[in-house]
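Written out below as structure tokens is the structure these notes cover.
Counting starts at 1 for both ligands and their atoms, following the listed order. Only a predicted model underlies this, so the values are computations on that prediction, with no experimental measurement involved.
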Amino acid sequence: MNILIIGGGGREHAIGWKLNQSPQVNTIYFAPGNGGTSQIGKNIDLTEIGDLVTFAKNNDIGLTVVGPEVPLAQGIVDTFHRHGLRIFGPSKMAARLETSKAWAVEFMQRHQIPCPESYIFSDVEKAKEHIKDSSWSSFVIKADGLAAGKGVVLASSKVKATKAVESMMISKAFGDAGGKILIQEKLVGYEVSIIAVADGKTAVKMVPSQDHKRAYDGDRGPNTGGMGAYAPVGKADAAFLKSVDETILEPLMNGMREEGYPYVGAIYPGIMVTKNGPKVLEFNARFGDPETQPQLMLLESDLLEILEACVEGTLSSELVQFKSGATMCVILASKGYPGPYKTGSVIHGLDTISNLDIQIFHAGTRKVGDDIVTDGGRVLAVTSYGSTLQEARDHVYSAIGTDGVYFDEMEFRKDIAWQGLTNTRNKK
Ligand code: AMP
Ligand code: GLY
């Protein structure tokens with residue numbers, strides 16, 4: 001079967017790497033892909049949905065897999081379905097779980113899914129008045145629409161909250177995404193990414209993983225797309241996972257079906273585990289990046305069988321099995337990310353990694369002649385397997401630096417998985 005993967009990040013490279021191990025997969029195409037995906041498949045330079053439909057028809061694509069949220073918001077799944085093409089991902093209406101935070105909160109309220117207390121505003125004066133009259137001293141202000149992971153401001157005072165509202169609604173810091181905003185209670189707890197695959201009726205969880213969103217060690221600095229992740233998460237024990245199924249995933253799948261938008265694809269609730277149990281901070285209608293990299297490295301099962309079961313409506317938990325051990329991924333970023341950075345630096349040492357427990361997934365890279373050069377903020381996702389998290393960590397950091405992979409002005413966090421390593425259940 002030929003496969004088309006939409007996207008060009010580390011997540012898409014990891015999906016392609018895993019699908020490539022399936023005996024049924026022939027050629028994998030990536031639109032647009034990156035310097036790494038061109039080594040396991042063919043990159044195609046198409047972004048228009050109509051062009052992708054034509055490509056899929058002309059190249060005998062048996063399954064298309066959508067990585068990022070933007071094509072979902074544009075309705076790629078609906079268009080492919082209209083042309084009778086199989087595609088893994090939610091419809092445009094179902095993807096509102098991610099594309100409208102206001103819709104998602106109202107959906108959770110309708111279906112008693114635990115989430116922070118939230119207020120929705122389209123009028124700037126009413127939003128400011130709400131903050132002025134509030135008994136809260138800290139707030140979370142969110143732009144309703146897609147803002148590339150940047151539309152959330154944690155405000156520790158009324159003055160800062162008001163500024164965030166003005167910047168979203170008046171200065172349009174996130175464009176139209178901030179036409180409507182949410183004012184949310186600030187929760188305290190620890191975050192876990194629960195990512196599940198869904199076939200319209202059932203959602204089956206992948207191994208729990210934990211992202212590191214802040215740019216610098218010690219969880220300091222600006223929020224990024226994610227600087228590293230590990231799996232499994234020791235703290236996400238069986239009782240916690242059961243409560244996620246019962247309080248989040250089951251009501252979500254039932255609610256979406258009842259409302260007429262059965263959910264097919266990856267569903268990723270960002271969860272804060274509070275002293276009152278797990279609460280949903282937001283939904284993503286896709287796999288995580290970088291969580292996918294360690295998750296797929298730990299996946300025992302054939303990914304093609306899982307994705308096909310999702311689109312055919314035959315998913316079961318037996319199809320989604322993970323190995324024992326642990327995996328983690330460290331993002332090598334361009335200096336300056338998530339702000340401005342330079343591109344075009346040659347990446348050294350990609351051929352020096354022969355340890356099969358280490359995989360280097362490309363994100364912002366591009367092939368120039370015989371070189372692979374940097375071409376984005378998040379450049380590489382160095383990912384490793386170990387029988388313990390400590391071993392996975394030792395592998396991953398041994399592959400980074402002048403004895404391994406490096407480029408000019410490379411930056412990365414040195415403390416990925418610190419929470420897992422201080423949790424006794426994950427210790428060697
Ligand atoms: P989101 O994009 O909504 O997941 O938000 C990005 C990050 O902001 C999350 O990963 C959390 O670290 C933080 N965050 C979002 N909502 C809340 C909240 N209600 N309380 C505390 N932290 C939050
Ligand atoms: N790792 C965060 C995300 O995929 O949105």
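- Comparing V152, D211, L182 against atom 6 (C) of ligand 1, the shortest heavy-atom distance belongs to V152.
- Every atom of ligand 2 with a heavy atom of Y268 under 4.0 Å away is listed here by number and element: 1 (N), 2 (C), 3 (C), 4 (O).
- Side-chain contact annotation: D78 with S91, donor-acceptor N/O pair under 3.5 Å absent.
- For the pair P290 and ligand 2, a heavy-atom separation below 4.0 Å is found.
- Considering backbone and side-chain N/O atoms, D211 comes within less than 3.5 Å of an N/O atom of ligand 2.
- At least one donor-acceptor pair under 3.5 Å links the side chain of D415 to the backbone N or O of G218.
- Close approach to R286 involves these atoms of ligand 2, each under 4.0 Å from a residue heavy atom: 3 (C), 4 (O), 5 (O).
- Short contacts between ligand 1 and K101, defined as distances under 4.0 Å to a heavy atom of the residue, involve ligand atoms 2 (O), 3 (O).
- Figure legend: cation-pi geometry between R96 and Y261, with NZ or CZ positioned under 6.0 Å from the six-membered ring centre and within 45° of its axis.
- Only backbone heavy atoms of E185 (N, CA, C or O) come within less than 4.0 Å of ligand 1; its side chain stays farther off.
- Residue contact check: M272 has heavy atoms under 4.0 Å from atoms 21 (C), 22 (N) of ligand 1.
- When all heavy atoms of K18 and L299 are compared, the closest pair comes out as NZ-O, 2.7 Å.
- Under a 4.0 Å N-O distance rule, the pair K142/E282 does not qualify as a salt bridge.
- Residues T383 and Q293 bring no donor and acceptor atom of their side chains to less than 3.5 Å of each other.
- Looking at G288 next to ligand 2, no N or O pair under 3.5 Å apart turns up.
- Taking every heavy atom of L187 and a limit of under 4.0 angstrom, the matching atoms of ligand 1 come to 18 (C), 20 (N), 21 (C).
- Near P116, meaning under 4.0 Å from any of its heavy atoms, are these atoms of ligand 1: 19 (N).
- Ligand 2 places these atoms under 4.0 Å from at least one heavy atom of N284: 5 (O).
- Partner T327 forms a side chain to side chain contact (heavy atoms under 4.5 Å, CB included) with one of Y385, Y230, F322 and no other, that one being Y385.
- For ligand 1 and K186, the ligand atoms under 4.0 Å from any heavy atom of the residue are 20 (N), 21 (C).
- Taking the six-membered ring for Trp, Y119 and F139 have ring centres at least 6.0 Å apart.
- Heavy atoms of K279 come nearer than 4.0 angstrom to ligand 1 in no pair at all.
- Those atoms of ligand 1 with a heavy atom of K142 less than 4.0 angstrom away are 3 (O), 15 (C), 16 (N).
- Counting atoms of ligand 2 from 1 in the listed order, those under 4.0 Å from a heavy atom of G225 are 1 (N), 2 (C).
- Taking 4.0 Å as the cut-off, R11 does not count as a neighbour of ligand 2 on heavy-atom distance.
- Of the options V188, L154, I141, the smallest heavy-atom separation from atom 23 (C) of ligand 1 is shown by L154.
- Seen from the ring of F174, K172 does not count as a face-on cation partner, given the 6.0 Å and 45° thresholds.
- Side-chain N or O atoms of K158 include one that pairs as donor or acceptor with a backbone N or O of K132 at under 3.5 Å.
- Side chain of D144 to backbone of A102: a donor-acceptor contact under 3.5 angstrom is found.
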